[in-house]
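Here is the structure we will look at, set down as structure tokens.
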Amino acid sequence: MTASLTPSADAAQPASAAKPPLEILLCAPRGFCAGVVRAIDVVERALAIYGPPVYVRHEIVHNKYVVESLKRKGAVFVRELDEVPDGQAPVIFSAHGVAKTVPANAVSRNLVTIDATCPLVTKVHREAEIHHKRGRHVLLVGHSGHPEVVGTMGQLPKGSITLVEDIDQIEALTPEDPDNLAWVTQTTLSVDDTRHIVAALKAKFPNITGPHKDDICYATTNRQEAVKQVAPLVDALIVVGSSNSSNSQRLREVAERVGVPITRLVNRAEEIDWDAFANIRKLGLTAGASAPEVLVEEIIDAFATRYDVTVDTVSTVIEDMSFPLPRELRSEAAE
Ligand code: SF4
């Protein structure tokens with residue numbers, strides 16, 4: 001796809017001055033993944049069925065724009081269940097998944113719950129459970145404090161799962177039975193970092209069991225691959241996404257490691273520091289899995305007020321993944 005954008009007004013540029021040319025290379029795939037689409041649909045469908053308010057534990061996905069627009073429709077975001085009043089208003093668990101104590105707590109209070117956990121995160125929960133049932137101690141490769149990691153750690157009893165954040169921690173691991181270990185991973189990690197960590201785990205614990213490759217999801221993998229293709233071709237790369245979005249952070253890191261001189265993670269066009277982009281001729285643009293396309297368009301429009309912009313898409317793979325809604329929200333069940 002090639003589109004030439006020639007906006008009409010430019011407050012920052014005199015009308016007579018010719019705009020410098022800028023080629024924007026749009027990474028594809030980018031933006032919403034199937035798990036994020038499903039999670040947003042869950043909130044919107046719950047609002048339609050139950051009426052507002054519906055409560056959402058944690059940000060449904062890590063994107064301010066998405067959260068604010070759902071708030072305007074009647075979603076109320078809470079950190080913990082104790083902020084949800086007793087009654088029939090449903091509480092939705094976010095795409096990142098929750099520890100087992102959370103639904104148990106909701107049941108004890110007779111709350112109506114809807115689980116928007118991405119099926120690919122649920123898959124990791126099941127893997128961890130199976131390893132535990134088979135008597136293996138589980139090593140979870142992931143980032144401390146991320147809600148997905150909190151949720152996955154919370155699938156197993158305390159002491160039966162250990163978080164591994166980086167290669168340096170592997171040296172210090174002294175499991176009781178080194179021949180009876182398994183590993184799983186967070187879904188939104190750096191593909192390259194994880195490969196090295198898993199190799200180090202296998203080197204130290206040759207009998208460790210794990211998935212065939214890793215648990216990094218298709219969306220994270222594909223978005224990183226598209227950035228790798230575009231990065232060598234550009235002077236700068238912008239990732240549209242929120243700073244608490246793990247997969248968005250990883251995209252910026254991938255570009256930085258390939259050697260792109262200017263890399264930025266921005267929520268909105270208003271966050272762009274224009275001085276940094278003053279002399280570029282080619283810009284890479286992508287979006288994290290929780291960032292809507294409208295924000296990518298906003299960034300392109302903002303550049304088009306300062307540059308004579310041409311947009312080309314660099315596509316590495318076509319995605320056609322989709323996940324069904326939770327059973328209780330499907331039309332036939334809701335009617
Ligand atoms: S980034 Fe991956 S794991 Fe997370 S919601 Fe999207 S598809 Fe699911």
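The basis for the numbers below is simple: all heavy atoms, side chains too, and nothing from hydrogens, waters or symmetry mates. Counting starts at 1 for both ligands and their atoms, in listed order.
By the rule that hydrophobic residues join a cluster once side-chain heavy atoms approach within less than 4.5 Å of another member, Met321 and Val121 end up as members of separate clusters.
A salt bridge links Glu293 with Arg30: the distance from a Lys NZ or Arg NE/NH1/NH2 to an Asp or Glu carboxylate oxygen falls below 4.0 Å. Between Lys123 and Glu127 a salt bridge is recorded (basic side-chain N to carboxylate O distance below 4.0 Å).
Other residues sharing the hydrophobic cluster of Leu189, ordered by chain and number and joined by side-chain separations under 4.5 Å: Leu139, Val141, Val164, Ile167, Ile170, Leu173, Leu181, Trp183, Val191, Ile197, Val198, Leu201, Phe205, Ile208, Ile216.
Under 2.8 Å from atom 6 (Fe) of ligand 1, one finds the following protein N/O/S atoms: Cys33 SG.
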Show the numbers, then the answer: is there a side chain to side chain donor-acceptor pair (under 3.5 Å) between His137 and Thr162? CA-CA 8 Å; His137 184 89; Thr162 303; 2.6 Å; yes
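Within a 6.0 Å sphere centred on NZ of Lys64, heavy atoms belonging to other residues, nucleotides or ligands number 12 at most.
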